[in-house]
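Right, one structure below, let's go through it.
Predicted, not measured: the structure shown is a model, and the values here were computed from it. The sequence lines fix the lettering, A, B, ..., with proteins before strands; numbering per chain opens at 1.
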Amino acid sequence: MKKKQLKNSYYRLTFNVLLMMAGTVLLLQSCQKYLDAKPNQTLATPSTIDDLEGILNDYQFINAQYPSAEEVAADNYYLNTADFNSMSLQRQQMFYTWQKDDDIGGDYTAPYAAVEYANIILDALPKITGGDAQSKNMVMGNGLFLRGSYHYALAQLFTKPYMKATASSDLGIALRLTADITVKPVRSSVADTYNSILADLQKSVALLPASPELKYQASKPAAYGMLARVFLSMNDYVNAGLYADSALNLYGKLIDYNTVNTTATIPFLQFNDEVIYDARSFGPAQPLSLAKARVDTNLYASYAANDLRKVLYFKTSSTGVFFKPTYTGQNNGSLFTGIATDELYFIKAETQVRNGDISGGLSTLNALLLTRYESGTYVPYTISDGQQLLTLILQERRKELMLRGQRWTDLRRLNQDANYAITLYRNVNGTIFQLPPGGLRYVFEIDQNAVNISGLTQNP
Amino acid sequence: MNFYAFSDDGERPGIFKKILLVMKLTIVLIVAGLLQVHAGSFAQNITLNRQHIPLSQLFKEIKKQTGYDFLYSPEMIEKAKPVDINVSETPLKEVLDNCFADEPLTYTIDQKTIIVKEKDPSILDKIKTVLDIPITITGHVADSLGTPLIGATITIKVRNKVAITDEKGDFIIDGQPGDELAVTFIGYKPATFKIKANTTFLNIVLYASSGKLSEVVVSTGYQDIPKERATGSFYKLDNQILNERVSPDIISRLDGITSGLLFDNHDVEQHTIQIHGLSTLNYDAVSPLIVLDNFPYNGDLNNINPNDIESVTVLKDAAASSIWGARAGNGVIVITTKKAKANQPLSVSFNSNVTLTPKPNLFTANQIPVSNFIDFQQSLFNQGYYDSMFSDPSYPPVPEVADILNQERNGQINGTQANQMIDQFRKQDVRNDMEKYLYRTAANQQYYLSLSGAGNKVRYLFSTGYDKDQSNLIGNGNDRLTIRSNNIIDLTSKWQLQTEIALTRSNSTTNSPGGYGSYNTGTNTISPYARLVNSDGTPAAVDLYYSKAFTDTAGTGKLLDWKFRPLQDLANNDNTTKATDILVNLGSTYKVFNWLSADLKYQYEQGWNDNTNLQNLNTYSTRDLINTFTQINGGQVTYIIPKDAVLTTIDGINKQTAIRGQLNFSPNLGGRSKLSAIAGGEIRGSESTSQTYETYGYDPNTLATRPVDYTTQYPTYDGIYGNAYIFDGTQFTQFVNRFVSVYANGAYTFDDKYTLSGSARRDASNLFGVSTNQKWVPLWSGGAMWKVDREKFYDISWLPQLSLRLTYGVNGNLAPNISALTQIDYYSATRSPLHVPFVGVQSPPDPNLSWEQVKTWNMGMDYSLLNNRISGSFDYYIKHSDNLINGVILDPTVGFGSATINSASIFSKGADIVINTINTTGAVKWRSSILFNYVSFKVTKDLSPPSSAGLISDGTYIFPVPNYDPYVIVSYKWAGLDPKTGDPEGYVNGVVSKDYEAIEQNPVSAQVVSGSALPPIFGTFRNTVDYKGFSLAVNITYKFNYYFRKPTTNYGQLITTGQGYTDFDQRWQRPGDELHTNVPSFIYPDDYLRDQFYQESSINVLRADNVKLNDVYLGYDLTDKVKYIGFKSLQIYFYTSQLNLILWRANRAGIDPDVLYGMEPPKTYSIGLKATL
């Protein structure tokens, strides 16, 4: 009897041990699943088309990473000595006075960050299964559009302007076409830079929706508009004109400025009717503060009294004439860098004239300006001299595109034409700084870390 | 002294011979004392059994057996008592020691001669010998770790005397020389001692009886290991020393009294605890793992009542901590709560104290003097700095001085009026008002009651504690109730069940608008001359967010008042947090065989945190929010946000479940071999979720709410923020951490002398990487210990206890929130300017990511000497921390300016020395404990810096240059001030220069490298003195060989934020000033490189070395006086901390390196009472 009990307890023990072993095996198998839980419900790796669409909705990193140094260094405004001295960021003073400075900051890093986002999307897309073709096209189109647009913005600061003769030997930007941070950046040529920009934008056209319903996402007219802008900067007036026209054919609304409240602090809303694609600079640059940047006196004087832009773009106080917020709808000096119909009208008008269609150019200009003047007071221009009309269009273009970052590119391209080349001056407390046409400082220094870490060639 | 050579022939030597002999003996004694080279000469053994034989007879017997001669004077022998002897094969030395023990004699051995001498009797001995009165013996009983054993029984059987050790392990008993004194304590091997004529104090060490319930143990959280057989480096703090401090939490009690542990406060932003220096560079993962009763503790450490803590064990080396695997890289702190004890009648203890902390002295804060600041603002105004502010459409606050000067400029007031108003400001200091209206004396009350006892099969402990804390800041405070029940039930003789349930409830209130230093928006700081109350006593407005001109006129009376008044907020804030935490531990131990037991442990913890922040219409934030969205069209006022209170609630729940199965082996290998091993597996998961809701238009009286439209953009008042959406505070979070581990650990001991140990563990967690394969990480350790003193050949008599340890192990470290793939975050629509849900990219892909690994060698030694009067340990370690995940600066062209990747390695080495001494015994018992810690580390690899050019460091971020301490302070070399301009000067290529841009590019070789911002040498000198029931503990801490950068005014920062320091007053103003100051002249416009050069120059680096008296504990034991009314013990105590009393410091600037910014923390004073019934 006793022996039997002993035996029983032995069996029981064996059974227990077996049970435990079986349990362990089961446990380890279920462990795999147990460990697959996400540590943070709001954290993931991009694995669905929704994730990528979500990244495109990250406005700050997708739409608002454009540089602003090009406006800081341009000639639409000036600072008085007190405001110049109050600047806490020295680099902004350097930009303002066209000094060499490789502590470039966000004007270099922000656009490249957006390029990386675009590359993350473009790299992830082929690995994603599921999702409808339309969404995939939209995501890919946006990725390409963003990469092209930001590469273009970088080229305006860090390379010489596109000049056909020297483009293949001039130093371009480091093109980033992969999200892999271990791939070392290399500077390309200006020709390669623009080829890549054009390739990305042209590829995006086919993938993007025809109408700009969500203005923070790219659309066909946005891509056409961006292409028009790029070709204009390359002095390729045929293509610039074609793309501007294509864009306006898909979306060409203009705002009648008579309908805009001239007393409002912020006269224009974000995503207003003229906006095809909304984008802005990464932050309001200190010199462009709406309380500091004073409008160039001659420029302000060039607006006619019945030109509504004079009151909608500027406010006057006892201490000077200051800017009002632009198409960003933000109450600060951040730049609107997106695509709007008014800019396309000007590209169209300019290229029409340059391509010999003087009457076409004239009517395009008049159509736009009609919406800019007090109702019933606008007298349409009647100019038949191409050169004279071109000069007028370029003047009106400058007056239209306040705080849009376009003046810098215009200066760079127009300086190539002796008729329009000008020297810029700054006066800081009696010290005069100047920037002659084709001056070295039309090309900014690239970031010192890019030189130190990747060995990229610094601009002269 | 007359010496006679004793020999069988009885021949008397002559005088000459005698002198020679004395000389020879002297030399021999000296040599013998120095060399102690008699190990071989004692091999002679004696066997003898005689009762009551005279010494002369004994000497003859010994000579017969060993051939040793005796040298003595006959007078000596006459005084000697006869001896009893019963030995067999006993070494000569032992026989002699025993025989001479009760004799007034001693001996030395010279080759084959035993020289017998008289002991030098003390006067006391002489009296005692004459009178034969009983002597009083005091003593101290401790375990082998030095932990006092409370309640040990001391008996002298022949006299029927019994004594019990008290709270400190001390006892007093009367006896007579020759009596046998026995010490017994459950779980320990009993020990007996013979009372000798000169015995007054006995320091008794009891060793654990192996395999019994409560051995002298260190706890790893997985098992309790007898220190005797532990190869690893442990430091244990017992209940007594922990209780000599008063604080509402347990962790702060470890500061300064724990070997190898540094509380690093050098970075104002982030305070950390480091065990054996730094093992990681990742600040998120720098903290040691905290284990509470077997499982990692996830809850709020403030939920643990320190009165419930039995001991804290710090696992310092890899062998000690590797059982915790992937989380042990930074060391482990194991907190063990009090458990029910066996064989104990009902015992009730009570502890209560009150701690008072006076108001802090705000004037100890380093701040630019008011009058200087006003001058400074005047000069800025004259330079036009403020001009754009007056027309800025975002209405930034304009400093009051600038406002007055502007009024003067505009002709609204005249110069005299302006000067009068400004002079009034010069007399004001906001710190006066802050001290008066924001601060008070803090009072913390602590009450604790525990009941414990044991029946036949059940042991129980029940405790409850209540803490009430009134903070220094008026409006802030909290209270906490803790209830704990611990039961151990022997279900059968083989099966034991352990249960523990702990409940914590706390309420905290945070209604203070903030103290000194809080009124700071990043671009604006409260004026040092501001007032918090108006002259009529009403709360005064502070222009922190908008200009006075704006808040005076905005809305022309149609808006709510838009002024920010700190004291109005204080009166109206209603922000409370209620927290409840439940912890359930269930354990079952089944003894399958004598050599095998199985443990099953289960833990469940759940905490609820409910925060309610009700901001009524009188609080600034509510008024500000409503005004921002108010629309005024002519006379029509439209409130987009309802004109009522805003209620924000956050409900958080965290849960942790853990199950562990473990087998414990202790097979009987027979002979002198011992093996103990454990193996087990564990699954642990924690989850925390939170929900935040923001409710507008809330009426606390009716609980009614009114909806707002989150989806429409509204214009903000005067377009301050353009068009904006109403902030939707609704937010959900969920975090899930899961771990699966298997582990094994074993120790083999041979002959109680040699121990080998090993441990291995594999961990997996859902935190890491993506493929499960990558998640598993194997980690291991091995160790050896040698009890040298137990060797036969060991004979260092002044060092009776010595053991050596050697361990090596590999531990891991988790870097939370890092992944090998692109990581994205999901954000809700409310965070988007577009009002659409979006996805943010958190980090770029890093296919090469792996775990951090910490490989540690530890060599240790435990010793005790001079009859345990001195004991302690010595540990030396070297550590290689590899694959450290660290931020690396990238070429921003790749799209990220930095990335966190496996990039760095650190090599560290260090030593811990622990010396415990008993300095005096008797009536005044003085004990000291000296902790000495040395640690130094350097970066051995870092991918980050492309060049060391231009790198400087103030020790708060990592200096990533190989061969430097990661927290080294590196500065620009200082060349003084330019005597003409007061410009600071440095060097470029060895030439004095003011080209700050070039100076900024200096390579490290041209910079001044001071040393670490962390003290490589630190420790404690702790003294405890007991006298007549008084007990005084004084803690002196020291930190050596480290540096700090003193706060200096950065002119750029002073201009933009208004923050500056006292050195502004000493700035260079005219030629000649450079002779007595190093503070550069103030220039405008500001040159930030010039500012940076001065701030980061070597002139501002000072040695931080200091010796401080930080806390003092004084206890008085009243037990004797209250024993008769039933108390087992009663003590009152007084404790004071944060004394910050600097006994010595290296810097002459009078700066306390622990208080660089902000004000000195006020001292605290506690008084309390402890009783046992």
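- Side-chain contact between Val841(B) and Ile55(A) is present, with at least one heavy-atom pair separated by less than 4.5 Å.
- Within the 4.5 angstrom heavy-atom criterion, no atom of Val451(A) approaches chain B.
- Of all the listed residues (Phe61(A), Phe322(A), Tyr108(A), Phe271(A)), the one sharing the greatest number of non-hydrogen pairs under 4.5 Å with chain B is Tyr108(A).
- With a 4.5 angstrom heavy-atom cutoff, Asn429(A) does not touch chain B via any of its atoms.
- Heavy-atom distances place no part of Leu214(A) under 4.5 Å from chain B, backbone and side chain included.
- Taking 4.5 Å as the limit, every side-chain heavy atom of Ile446(A) sits out of range of all side-chain heavy atoms of Thr893(B).
- The distance from the OG atom of Ser388(B) to the CG atom of Leu290(A) is 11.0 Å, given to the nearest 0.5 Å.
- With a 4.5 Å cut-off on non-hydrogen atoms, Tyr1084(B) touches chain A through its side chain but not through its backbone.
- Counting heavy-atom pairs under 4.5 Å between each of Leu1089(B), Asp1087(B), Ile1055(B), Leu380(B) and chain A puts Asp1087(B) at the top.
- No side-chain heavy atom of Asp1086(B) sits less than 4.5 Å from a side-chain heavy atom of Gln90(A).
- The minimum heavy-atom distance between Glu116(A) and Gly895(B), with the atom names listed, is CB-CA, 3.7 Å.
- Only the side chain of Ile266(A) comes within contact range of chain B, with heavy atoms under 4.5 Å apart.
- One finds the CD atom of Glu997(B) at 7.0 Å from the CG atom of Asp101(A) (value rounded to the nearest 0.5 Å).
- Contact annotation for Ile120(A): only side-chain heavy atoms (C-beta onward) come within less than 4.5 Å of a heavy atom of chain B.
- Distance CG/Asn57(A) to OH/Tyr827(B): 14.0 Å, rounded to 0.5 Å.
- For chain A, the nearby part of Thr1056(B) is the side chain; its heavy atoms alone come within less than 4.5 Å.
- Proximity to chain A (any heavy atom under 4.5 Å) is restricted, for Pro837(B), to the backbone atoms N, CA, C and O.
- Asp58(A) approaches Gly840(B) most closely through the heavy-atom pair OD2-CA, 3.4 Å.
- Between chain B and the residues Val115(A), Asn85(A), Asp123(A), the largest count of heavy-atom pairs under 4.5 Å involves Asn85(A).
- In this structure, the portion of Asp447(A) lying under 4.5 Å from any heavy atom of chain B is its side chain and not its backbone.
- Ranked by heavy-atom pairs shorter than 4.5 Å toward chain A, the options Val894(B), Thr716(B), Thr689(B), Asp392(B) are led by Val894(B).
- Between the OH atom in Tyr1088(B) and the CD atom in Gln93(A) there is a gap of 10.5 Å [rounded to 0.5 Å].
- You'll find the side chain of Leu890(B) reaches within 4.5 Å of the side chain of Ile181(A), heavy atoms only.
- Only the side chain of Ala899(B) comes within less than 4.5 Å of a heavy atom in chain A; its backbone stays farther off.
- In this structure, Ser318(A) has no side chain to side chain donor-acceptor pair (under 3.5 Å) partners at least two apart in sequence or on a different chain.
- Between the side chain of Asn331(A) and the backbone N or O of Gly719(B) there is at least one donor-acceptor pair closer than 3.5 Å.
- Here the OG1-CG distance, from Thr319(A) to Asp387(B), works out to 8.5 Å after rounding to the nearest 0.5 Å.
- Distance check: Ile62(A) CD1 to Phe838(B) CZ gives 11.0 Å after rounding to the nearest 0.5 Å.
- For Ile720(B), the part lying under 4.5 angstrom from a heavy atom of chain A is the backbone only.
- Heavy-atom distances place the side chain of Thr265(A), and not its backbone, under 4.5 Å from chain B.
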